[in-house]
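Just below is one structure, and these are the notes that go with it.
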Amino acid sequence: MGLYESAKRLHGYPITPGFEVAGVVDALGEDVEGWRVGDRVIGLTLFGGYASHLCLPADRVFALPPGLSFEQGAALPTVFLTAWFMAHRQVHPEPGERWLVHSAAGGVGSALLQLARLAGVEATGVVGAAHKMEAAKAMGARHVIVRGDGDWVAAARALAPSGYHAVFDANGVATLADSWSLLAPMGKLVVYGFASMLPKDGRVNWLRLAWDWWRTPRFNPLEMTTTNRSVLAANLSFLSAEAPLLRRGMLWLLERFADGRLQPLPVAAFPLLDAAQAHRRIESGQSVGKLVLIP
């Protein structure tokens with residue numbers, strides 16, 4: 001739809017989508033050490049992932065943890081790195097804190113729930129439909145709220161009357177103002193998406209988009225100062241220049257996948273030829289976990 005900002009700034013259209021892949025090493029460049037042809041690996045790339053073959057720098061390649069399938073491995077990097085960056089580089093969790101996680105049955109939301117569990121944080125997940133509740137609970141949510149069932153804000157406030165230490169919001173205008181209102185003193189609102197502002201049929205309604213942009217909350221620094229509440233944001237593609245940081249994050253995550261402290265997300269696989277169908281599934285808002293493409 002031409003709305004993805006990093007595609008405009010970092011690459012330029014046309015693009016081949018895809019930030020993460022899994023497969024086997026087919027060939028090695030000169031002076032590459034530590035890898036052999038045939039090794040099972042995960043790779044990070046800035047676009048270009050929707051392909052059968054890909055050439056990557058050696059520092060963007062990681063060993064696939066034992067017990068994980070290629071589908072599970074390909075579904076891991078983007079969502080877990082985004083969650084790790086928000087949780088451990090921006091929020092810095094402490095045991096006993098309370099988090100509210102929107103889109104809790106999606107990729108990043110599911111990863112956040114697992115990281116919350118590891119950190120001893122009580123996480124409440126918000127999902128868009130009842131069929132996603134069990135998936136959010138399986139990932140670590142203590143409580144799950146269905147946004148369309150009554151007053152979700154009142155339900156969230158009842159679970160944490162003194163507020164949440166962090167709220168992770170990928171919806172945009174539909175929930176941002178309410179998410180801000182649910183913060184505890186010293187709480188942090190972390191914005192990582194604007195799903196409610198995007199069309200679900202692949203067709204951009206520019207008037208509606210402009211209206212949603214106009215309605216998007218603007219946060220007052222004076223209020224933020226007096227309430228000790230903060231607004232943070234994350235977009236993994238704009239962190240591509242921070243390769244050493246992302247590599248540390250990936251190694252931290254893969255260590256916990258290898259010993260079972262983290263679990264792979266539910267994955268639905270589509271043939272690469274059916275990429276359009278997979279994208280329609282994402283746009284529908286009905287998917288759980290991650291979708292992957294198989295060449």
In this structure, CD of E5 is separated from NZ of K8 (nearest 0.5 Å) by 5.0 Å

Check whether any side-chain N or O of R218 sits under 3.5 Å from a backbone N or O of T216 as a donor-acceptor pair, and report yes or no.
-> yes

Side-chain heavy atoms under 4.5 angstrom apart, residues restricted to Ile, Leu, Val, Met, Phe, Trp, Tyr: same cluster for V153 and V126?
-> yes

Between D39 and G34, the two heavy atoms sitting closest are OD2-O, 4.5 Å

Would L253 and L118 show up in the same hydrophobic cluster when neighbours are defined by side-chain heavy atoms closer than 4.5 Å?
-> yes

What one should report as the nearest heavy-atom pair of S6 and F19 is OG-CZ, 4.4 Å

Compare every heavy atom of L44 with every heavy atom of M250, then report the nearest pair and how far apart it is.
-> CG-CD1, 3.9 Å

Answer yes if F168 and L81 sit in the same cluster of Ile, Leu, Val, Met, Phe, Trp and Tyr residues linked by side chain heavy atoms under 4.5 Å apart, and no otherwise.
-> yes

Gap separating the OG atom of S287 from the CZ atom of R280, nearest 0.5 angstrom = 14.0 Å

List, one per line, each side-chain donor-acceptor pair under 3.5 Å for residues 96-113, sequence neighbours excluded.
from: E97; atom 1: OE1; to: E94; atom 2: N; distance (Å): 3.2
from: R98; atom 1: NE; to: G163; atom 2: O; distance (Å): 3.0
from: R98; atom 1: NH2; to: S162; atom 2: OG; distance (Å): 2.8
from: R98; atom 1: NH2; to: G163; atom 2: O; distance (Å): 2.7
from: H102; atom 1: ND1; to: N171; atom 2: ND2; distance (Å): 3.4
from: H102; atom 1: NE2; to: S179; atom 2: OG; distance (Å): 2.9
from: S110; atom 1: OG; to: A104; atom 2: O; distance (Å): 3.4
from: S110; atom 1: OG; to: G106; atom 2: O; distance (Å): 2.7

In this structure, CZ of R203 is separated from CD of E283 (nearest 0.5 Å) by 11.0 Å

Steps toward side chain to side chain contact (heavy atoms under 4.5 Å, CB included) verdict (R36, V25) | CA-CA 7 Å; R36 296 178 299 177; V25 174; over 6 Å; no

Single-linkage hydrophobic cluster, 4.5 Å side-chain cutoff, I294 and L265 together = no

Side-chain donor or acceptor of Q263 paired with backbone N/O of G260 under 3.5 Å | yes

Rounded to the nearest 0.5 Å, what separation is found between the CD atom of E71 and the CZ atom of F270?
-> 13.0 Å

Main-chain N/O of L239 paired with E242 side-chain donor or acceptor, under 3.5 Å = no

d(Q90 CD, H92 NE2) to nearest 0.5 Å is 8.0 Å

Quiz item: cation-pi between R247 and W84, 6.0 Å / 45° = no

Contact check, side chains of M86 and L232, non-hydrogen atoms, under 4.5 Å | no

Flag the pair E20 and K290 as a salt bridge only when some basic side-chain nitrogen lies within less than 4.0 angstrom of an acidic carboxylate oxygen.
-> yes

Of all heavy-atom pairs linking L291 and A278, the shortest is CD2-O, 3.3 Å

W214 meets the ring pair (Phe, Tyr, Trp, His ring centres under 6.0 Å) criterion, sequence neighbours left out, with W211

Locate the shortest heavy-atom distance separating G73 from L64; write the atom from each residue and the value.
-> CA-CD1, 3.6 Å

Please step through side chain to side chain contact (heavy atoms under 4.5 Å, CB included) for the pair K188 and L183, ending with a clear verdict.
-> CA-CA 7 Å; K188 299 173 183 178; L183 289 178; 5.6 Å; no

Check whether any side-chain heavy atom of R142 sits under 4.5 Å from a side-chain heavy atom of T124, and report yes or no.
-> no

For the residue pair L68 and L76, establish whether any side-chain heavy-atom pair is separated by less than 4.5 Å.
-> yes

Flag yes if more than 12 heavy atoms outside W252 fall under 6.0 Å of its CH2 atom; otherwise flag no.
-> yes

Do L159 and I145 come close enough that some side-chain heavy atom pair is under 4.5 Å?
-> yes

For F257, the ring pair (Phe, Tyr, Trp, His ring centres under 6.0 Å) test, sequence neighbours excluded, returns F80

Honestly curious: do V79 and V121 fall in one hydrophobic cluster under the side-chain, below-4.5 Å linking rule?
-> yes

Would you check if R229 and L189 make a side-chain contact, meaning some heavy-atom pair closer than 4.5 Å?
-> no

Where at least one partner belongs to residues 261-270, residue pairs that pass salt bridge (charged side-chain N to carboxylate O under 4.0 Å, His left out), sequence neighbours excluded = E255-R261, D259-R261

Student check: side-chain heavy atoms of L254 and P65 closer than 4.5 Å = yes

Quick one: ring pair (Phe, Tyr, Trp, His ring centres under 6.0 Å) partners of F219, sequence neighbours excluded?
-> W180

Where is the tightest heavy-atom contact between P295 and L293, given as atom of each residue plus distance?
-> CD-O, 3.9 Å

For the residue pair T175 and R147, establish whether any side-chain heavy-atom pair is separated by less than 4.5 Å.
-> yes

With a cut-off of 6.0 Å (strictly less than), are more than 12 heavy atoms of other residues, nucleotides or ligands near CE of M224?
-> yes

Less than 3.5 Å apart, which donor and acceptor atoms pair up between the side chains of residues 45-52 and the rest of the protein, not counting sequence neighbours?
from: T45; atom 1: OG1; to: F47; atom 2: O; distance (Å): 2.7
from: Y50; atom 1: OH; to: H279; atom 2: NE2; distance (Å): 2.9

